[in-house]
Asks: 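One structure coming up, written as structure tokens, with questions to follow.
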Amino acid sequence: MRAAVLHEIGQDKLEVLDDVEAVGFGPGKVRIRIRATGLCHSDLSAMNGVLPQPAPFIPGHEGAGEVVDVGDGVTGLKAGDRVLVCWLPACGACPSCRRGQTHLCLAGFMNAGTPNFKRPGGDVFGFAGTGTFTEEVVVGAGCAVPIPDDVPFEIAALIGCGVTTGLGAAINTAQVEAGSSVAVIGCGGVGISAVQGARVQGAAQIVAVDPVASRREAALRFGATEAVSPDEFADARQRITAGEGFDYVFEVVGKSATARTAYENTRRGGTLCIVGAGALDDHFQVNMFELFFDEKRILPSMYGGGDVLRSYGRAVELWRAGRIDLESMITHRVRLDGINDALDQMRTGTSLRTCVEL
Ligand SMILES: [Zn+2]
Ligand SMILES: [Zn+2]
């Protein structure tokens, strides 16, 4: 079957190959025909080495499709079911799961070092234990989450990571209060979802901060009340908060420099929410005096910071009610030549649909 493969960490171009096979099917496993996949920023971070990932590998961890086959012992799923791919399946039994913090379950990472694919040249890994830039993938049953019939595959794919992560940061983790001021630094798919989450929560001002003009324009369409470049952020803070700083600042880049900017632009007693996935050797610094004296709450948020299945369900409900716009996220595209070309090639002659939400 066809798949888009990254041969070595550090390359920016995927090669589309037709000799890839999904492996590992058996008891407890599900084979899914991928019908839609998104590109999330973490895919790029794995490709460039910021996030640890063995190579060669198939990127993509936002996907949705149809179940083709279920292994022995799998209950609640059958061939033909429409599912989204959850890259962080909950075991249901560990202390994190029992607390309702299924986004902190580590069970899904246990297989991260096991190849999900092979080709005549050898083993091929799937990013985050999934790898959705392919026609078929074999995953644990917990990674195949049924979706309602009225949810298109493309929208389900986005809910599989970016939308859940951004919405959850605003709703579950930061719990943005109605009437508050919010800044979102980094406006790719996750940042735009944080903007939408802040709007759902009733924020009065939502300032989107991004160096890329097209992303600023997109943020305005998704509910930001204004969008500024990093150079203009200090001025926006002065105008909107009388210099005090924002009630909530979301860092959706994953770098210590932007996290520090976010910290400094959070008001005393306000909330800094760290959403971006960063590198092991990139250290965020605060001094002990400011940490104590300014009483800013630093809240990291991983994968929406709450029960994952509940977050999926809420995203579907908000979308159905017209409170969040997911259709426009599908058509919002950013050019990344090495990846877009490969995804376009993936679509040719297959039933796969792709969207890029950076
Ligand atoms: Zn667990
Ligand atoms: Zn993601």
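Counting starts at 1 for both ligands and their atoms, in listed order.
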Asks: Do we see a donor-acceptor contact under 3.5 Å between the side chains of R314 and N172?
Replies: yes
Asks: In degrees, rounded to 10 degrees, what angle do C97 atom SG and C91 atom SG make at the Zn ion (ligand 1)?
Replies: 120°
Asks: Between S214 and E217, is there a side-chain donor-acceptor contact under 3.5 Å, judged purely by atom types and distance?
Replies: no
Asks: Between D235 and E232, is there a donor-acceptor pair closer than 3.5 Å when you use the side chain of the first and the backbone of the second?
Replies: no
Asks: Would the distance check show the side chain of R216 and the main-chain N or O of D210 forming a donor-acceptor pair, the cut-off being under 3.5 Å?
Replies: yes
Asks: Any N/O/S of H61 under 2.8 Å from the Zn ion (ligand 2)?
Replies: yes
Asks: Work out the angle at the Zn ion (ligand 1) between SG of C94 and SG of C105, rounded to 10°.
Replies: 110°
